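Numbering of ligands and ligand atoms starts at 1, following listing order. The structure presented is a predicted model; accordingly, all values stated were derived computationally and were not measured. Just so it is clear, the values below take in all heavy atoms, side chains as well, and ignore hydrogens, waters and symmetry mates.
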Amino acid sequence: MKKNKIFVACDSTNISKIKKIIKYTTHTKINIGYKFGLEFLNSKNGRNFVSKLKKRIIFADLKLHDIPNTCVSAIKAIKDLKVNYLTIHISSGLQALKAAKKISGSIRLVGVSVLTSLDNKELKEIGFNKDVKKLVLHQARLAKKARLDAFVCSAQEVKIVKKAFKNEIITPGIRLDTKNNDQKRVLTPKQAFKNGAHSLVIGRNITKGNIKRNIQKLIDHLNQ
Ligand code: C5P
């Protein structure tokens, strides 16, 4: 179990809450990393907090989605944070992905495919005609072309993605219960690992309510 990673999505603007999340999720039997996204990194003290965080796997979920020049400049601007992972939307285009990869150095550059909050109906709504699985596979091929280090998709697409993309596969949209919130393409942690995901992103199922109890529930689920 230790070889697989779980990134805890630290989605809050409250520093004490984030400290609590880190305190209750370390030294467990799971290999844990911390994902800081738009909410925390844009908060007043968020960036500063991350800059001081030592000896943790840090995942900056910036979800860059811009022209090549801006993506490159944003990566340069975040380099002082010494993060381990950084996300960019595959739909930024192949040129942006290649340029970002060229500048990212030791940061693992993660391509984000179709968000796990979208289903076929919503994809159509925003003008995509391919179904989710086909689009994700298409984007996995682009990620391979751009030599990205990791790829984000839902756990439902991992088996297909593995045929095209051989590096790390990271899956959000993970649920231990039937409460999906805003997520559409979900699976349980066990199903995700069984399908071949290397790392999972879990937010609310860990961070909402009793964190200690949630972590124990997750360990029990993975050991079942
Ligand atoms: O609370 P929950 O487990 O749904 O949180 C999922 C986390 O993963 C959020 O921080 C969200 O921004 C992120 N994410 C996602 N779907 C993607 C990429 C990232 O849910 N495709």
Side-chain angles (χ1 to χ4, degrees), residues 5-14 17-18 20-22 25 30 32-43 46 50 57-65 83-92 97 108-120 122-123 126 128 132-133 135-140 142-143 148-158 160-161 165 168-193 195 197-211 214-215 217-218 221-222:
K5 257 196 307 289
I6 304 233
F7 291 107
V8 180
C10 299
D11 294 330
S12 172
T13 54
N14 183 330
K17 167 87 184 180
I18 301 296
K20 205 167 150 192
I21 292 172
I22 295 174
T25 54
I30 322 174
I32 297 269
Y34 294 94
K35 186 179 89 66
F36 301 98
L38 296 173
E39 183 176 355
F40 191 66
L41 289 174
N42 280 311
S43 68
V50 174
I57 304 171
I58 302 175
F59 186 125
D61 194 9
L62 285 190
K63 290 204 182 70
L64 300 176
H65 193 187
V83 302
N84 305 95
Y85 291 79
L86 174 67
T87 53
I88 180 167
H89 274 286
I90 305 277
S91 52
S92 300
L97 299 177
R108 289 177 73 73
L109 194 64
V110 185
V112 177
S113 67
V114 182
L115 294 171
T116 44
S117 55
L118 300 175
D119 56 15
N120 278 323
E122 276 172 294
L123 265 190
I126 53 173
F128 290 97
V132 173
K133 283 207 162 72
L135 186 52
V136 170
L137 174 62
H138 185 92
Q139 296 192 334
L142 276 186
L148 299 191
D149 302 288
F151 186 80
V152 170
C153 58
S154 99
Q156 298 178 7
E157 295 107 37
V158 172
I160 293 177
V161 166
F165 186 81
E168 185 172 354
I169 299 175
I170 304 172
T171 61
I174 299 296
R175 287 294 179 272
L176 276 151
D177 51 34
T178 51
K179 206 171 164 213
N180 290 358
N181 313 103
D182 49 357
Q183 299 282 19
K184 294 276 166 49
R185 302 182 344 265
V186 299
L187 277 182
T188 68
K190 257 188 120 164
Q191 286 168 324
F193 281 135
N195 283 354
H198 302 101
S199 325
L200 316 184
V201 171
I202 309 180
R204 286 161 285 190
N205 271 190
I206 291 177
T207 57
K208 291 275 173 263
N210 186 323
I211 302 169
N214 293 343
I215 279 288
K217 200 172 150 193
L218 174 63
H221 163 83
L222 289 170

Between Ser113 (side chain only) and Val152 (backbone N and O only), is there a donor and an acceptor less than 3.5 Å apart?
yes

To the nearest 0.1 Å, how far is atom 12 (O) of ligand 1 from its closest protein heavy atom, and which atom is that?
Lys63 NZ, 3.4 Å

Short list, please: which atoms of ligand 1 are under 4.0 Å from a heavy atom of Arg175?
2 (P), 3 (O), 4 (O)

Identify the heavy atoms of Ile174 and Ala155 that sit nearest to each other, and give their distance.
CD1-CB, 4.5 Å

Give me the one residue out of Tyr85, Phe36, Tyr34 that meets ring pair (Phe, Tyr, Trp, His ring centres under 6.0 Å) with Phe7.
Tyr85

Say whether, by atom type as modelled, one donor and one acceptor occur between the side chain of Asp61 and the main chain of Gly37 under 3.5 angstrom.
no

Enumerated ligand 1 atoms positioned under 4.0 Å from heavy atoms of Arg204
1 (O), 2 (P), 3 (O), 4 (O)

Name the orientation class of the two ring planes belonging to His89 and His65 (parallel below 30°, tilted from 30 to 60°, perpendicular beyond 60°).
tilted

Return yes when Lys35 approaches ligand 1 closer than 4.0 angstrom through a heavy atom, no otherwise.
yes

Between Asp149 (side chain only) and Leu109 (backbone N and O only), is there a donor and an acceptor less than 3.5 Å apart?
yes

What do you reckon, does Glu39 put a non-hydrogen atom under 4.0 Å from ligand 1?
no

Full working for salt bridge (charged side-chain N to carboxylate O under 4.0 Å, His left out) between Arg204 and Asp177
CA-CA 11 Å; Arg204 286 161 285 190; Asp177 51 34; over 6 Å; no

For Leu115, which part has a heavy atom under 4.0 Å from ligand 1: side chain, backbone, both, or neither?
both

In the protein, which heavy atom is nearest to atom 7 (C) of ligand 1, and how far is it?
Val201 CG1, 3.7 Å

How many angstroms lie between atom SG of Cys153 and atom NZ of Lys133, to the nearest 0.5 angstrom?
10.5 Å

Interfacing atoms of ligand 1 (cut-off 4.0 Å, heavy-atom, Ala9)
7 (C), 10 (O)

What protein heavy atom lies closest to atom 16 (N) of ligand 1? Include the residue and the distance to one decimal.
Thr116 OG1, 2.8 Å

So, regarding Asn205 and ligand 1 (criterion: nitrogen or oxygen to nitrogen or oxygen, under 3.5 Å), is there a contact or not?
no

Please list the nearest protein heavy atom to atom 3 (O) of ligand 1 with its residue and the distance rounded to 0.1 Å.
Gly203 N, 2.8 Å

At what distance is the nearest protein heavy atom to atom 6 (C) of ligand 1, and which residue and atom is it?
Gln183 NE2, 3.7 Å

Would a distance-only check, ignoring hydrogens and angles, find a side-chain to backbone donor-acceptor pair under 3.5 Å from Gln183 to Asn180?
no

So is there a nitrogen or oxygen of Pro172 less than 3.5 Å from a nitrogen or oxygen in ligand 1?
no

Identify the protein heavy atom lying closest to atom 9 (C) of ligand 1, giving its residue, its atom name and the separation to 0.1 Å.
Asp11 OD2, 3.4 Å

